[in-house]
Q: 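First the structure, then my questions, so here it is.
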Protein chains: 2
Amino acid sequence: MSFDDQLPPKIRLLRAAAELLANSEGSAVSTRQITKLAGVTAPTLYHHFGDKEGLFDAVVSAGFEEYVAGERDFAPSGEPLEDVRRMWDNHVQFGLSQPHLYLVMFGNIRPESRPAIVADAEALLEEMLNKAAISGQINVPPREAARSILAANVGVTLMLIAEPVEERNLELSTMTRDSMIFAVSTETARGAAADDSGKSSVVVAAIALNAALQASHSDQLSSSELKLFLEWLHRISSSS
Amino acid sequence: MSFDDQLPPKIRLLRAAAELLANSEGSAVSTRQITKLAGVTAPTLYHHFGDKEGLFDAVVSAGFEEYVAGERDFAPSGEPLEDVRRMWDNHVQFGLSQPHLYLVMFGNIRPESRPAIVADAEALLEEMLNKAAISGQINVPPREAARSILAANVGVTLMLIAEPVEERNLELSTMTRDSMIFAVSTETARGAAADDSGKSSVVVAAIALNAALQASHSDQLSSSELKLFLEWLHRISSSS
DNA sequence: CACTTCATATAGCAACGCTATAGGTGCTAG
DNA sequence: CTAGCACCTATAGCGTTGCTATATGAAGTG
């Protein structure tokens, strides 16, 4: 019954919960199943984790490490938007390979209670999008882009999980993914990639902004503000 | 206790369930609450609806009529893609105004069990996208486009529901919506933004510069200067 | 040794979704 | 009018859920 004697009960509970979450098909996972598999009784669970959700949160943190590890390994491809695509695919892959764990992480929605994990995933995406922004590859602030992309990513994954396995069509994922990324990117070409060779730096961006601001005066700043702004921009631009 | 005597119990159950789903804050709704409010006992519920989910499905069908009615009223604007935008907004609006009902409809995800309602919503969207396809306005088969857009729509709505009310930012919705629609449409609108007096390139450059400055703090500006600089940058980059 | 602190077990509560069984109701057939 | 027959509802309770009041054991400290 208990599968891992002589380990501390806290760890046995974590492993039992993880195993049940990973393998249980369809129905929910009960505390009694978990404690039975772990070879402990109910109060032990509540002593260590407070309540069922506390246990699941702990399991999820561990599962999330795995998820994040998958995301970070892909990271340095040099092309940030390509990395965002990989993060998207990794997200979907994780959801489909461990649907119950995923549902605990992202599918357990209740009004006004945001799972902590969502913020983490969002931060991860934002970090990557920030790199894209530095290269001038996106036309939306990274934070908003991250939220938007993550929302679509979760929506797609949930929808795929809800479908019968044999009907799951991953094209839904790739299509939505590319739609979202394309929409926030500055790529101009519909079919072919732009040859704009990216690779901007602070200086390049500043120069571009400087030129753009002088060409069409923005009405977001007053004229005196604009003058000072342009002076600072010049200092930055001429720093290299 | 029972609020609507002399109506048939089936209808009283439906109304009680709908009312509880609409008003219950946070916690779940139990069959006992429902039967108590309806003034009937448990077997009555199971006689008419089979099980709890059957009742909820029935409530949802009724609620869905309302939802669909909202969608159909908007329909004939002549511009199909504009109608898709309205359907998207209506969807989000419905979710935020009746979050519990919405969660029963779209948030109750379990592996390989697709809520019937999703197929209906998908069909509705597909129908509209078909009109767009006939006018040559989209570059993707309507069915796939509908699935993709609906997935993103649900994802956004769930994410907004999970957020605290005061933090809810509908821009997440409009931005994701336009991203999705733009991506499937044949508009070559990327250039249209450039027509927009070059403002978009200003925004792109500002976003890039903003990200670059925060990544590697330049030593060309003092910290107080930088602070003000970034504030202005933010004003510019969030102008459109 | 006495004392505190932590960790686990015994036993059980209230609430849950659901149901076996039986009784009441209104209908049609004879 | 009555007998039979569906249909609908109630009494009572089953098995399971998440969780806990209480007690017991073990381990460290004075």
Side-chain angles (χ1 to χ4, degrees), chain A residues 1-21 23-60 100-101 103-105 107-110 113 115, chain B residues 1-21 23-60 100-101 103-105 107-110 113 115:
Chain A
M1 211 68 71
S2 54
F3 68 120
D4 249 347
D5 289 345
Q6 91 214 33
L7 271 76
K10 185 170 181 177
I11 300 209
R12 273 185 290 165
L13 278 169
L14 278 173
R15 296 204 182 164
E19 182 175 323
L20 286 174
L21 274 179
N23 298 341
S24 82
E25 339 226 317
S27 61
V29 177
S30 71
T31 59
R32 281 179 168 80
Q33 291 171 28
I34 297 172
T35 55
K36 185 178 177 184
L37 180 60
V40 294
T41 52
T44 306
L45 191 164
Y46 296 94
H47 174 71
H48 288 289
F49 301 101
D51 61 358
K52 185 185 183 178
E53 202 166 312
L55 209 198
F56 282 175
D57 280 353
V59 172
V60 156
H100 287 89
L101 192 53
L103 286 178
V104 170
M105 291 165 71
N108 188 21
I109 314 254
R110 278 167 308 148
S113 104
Chain B
M1 213 65 75
S2 55
F3 67 120
D4 249 346
D5 289 345
Q6 91 214 31
L7 270 76
K10 185 169 181 178
I11 301 212
R12 274 184 290 164
L13 277 169
L14 278 172
R15 296 205 182 164
E19 182 174 322
L20 286 174
L21 274 179
N23 299 341
S24 82
E25 338 227 317
S27 62
V29 178
S30 72
T31 59
R32 283 178 167 81
Q33 292 172 28
I34 296 173
T35 55
K36 185 177 177 185
L37 179 61
V40 295
T41 51
T44 307
L45 191 163
Y46 295 93
H47 174 71
H48 287 291
F49 300 100
D51 61 357
K52 184 185 183 180
E53 203 166 309
L55 209 197
F56 282 175
D57 280 352
V59 171
V60 155
H100 286 90
L101 192 52
L103 285 179
V104 170
M105 293 165 69
N108 188 22
I109 315 251
R110 279 165 310 145
S113 104

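Quick note: numbers below take in every heavy atom, side chains included, and nothing from hydrogens, waters or symmetry partners.
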Q: Find the distance D51(A):CG to dT17(D):P and express it as a whole number of Å.
A: 17 Å
Q: Atom NE2 of H47(B) and atom P of dA10(D): how far apart are they, to the nearest Å?
A: 12 Å
Q: Please find the pair of heavy atoms, one from I34(A) and one from F56(A), that lie closest to each other, and give the distance.
A: CD1-CE2, 4.0 Å
Q: To the nearest Å, how far apart are Y46(B) OH and dG13(D) C1'?
A: 14 Å
Q: Can you check the F56(A) CZ to dG18(D) P distance for me, whole Å?
A: 8 Å
Q: Which whole-number value in Å describes the distance from R12(B) CZ to dA10(D) C1'?
A: 13 Å
Q: Would you kindly give the CG-to-P distance between L13(A) and dC19(D), to the nearest whole Å?
A: 14 Å
Q: Hey, which of these two, V29(A) or K10(B), hits DNA chain D nearer its 5' end, going by closest nucleotide?
A: K10(B)
Q: Determine: side-chain N/O of S30(A) to OP1/OP2 of dT17(D), distance under 4.0 Å, yes or no.
A: yes
Q: Which part of the nucleic acid, if any, lies within contact of T41(A), taking any heavy atom under 4.0 Å across all strands shown: a base, the sugar-phosphate backbone alone, or nothing?
A: base
Q: With DNA chain D as reference, determine whether P43(B) or T31(A) sits nearer its 5' end, using the nearest nucleotide of each.
A: P43(B)
Q: Of all nucleotides in DNA chain C with an atom under 4.0 Å from a non-hydrogen atom of chain B, which is the first and which the last going 5' to 3'?
A: dC16(C) to dA20(C)
Q: Could you pull out the closest heavy-atom pair between Y46(A) and K52(A), with the gap in Å?
A: CE2-N, 4.2 Å
Q: Quick check: do V104(B) and H100(B) have side-chain heavy atoms less than 4.5 Å from each other?
A: no
Q: What integer distance in Å separates I34(A):CD1 from dT16(D):P?
A: 17 Å
Q: To the nearest Å, give me how far apart CZ (R32(A)) and P (dT20(D)) are.
A: 13 Å
Q: Dump the intermediate steps for side-chain contact (heavy atoms from CB on, under 4.5 Å) on T35(A) and T44(A), then the final yes or no.
A: CA-CA 8 Å; T35(A) 55; T44(A) 306; over 6 Å; no
Q: Could you walk me through whether L14(B) and V59(B) pass the side-chain contact (heavy atoms from CB on, under 4.5 Å) test, one step at a time?
A: CA-CA 6 Å; L14(B) 278 172; V59(B) 171; 3.9 Å; yes
Q: Over all heavy atoms of both residues, which pair between P9(A) and V40(A) is shortest? Give the atoms and the distance, please.
A: CB-CG1, 3.8 Å
Q: Heavy atoms, side chains only, cut-off 4.5 Å: are L37(A) and L13(A) in contact?
A: no
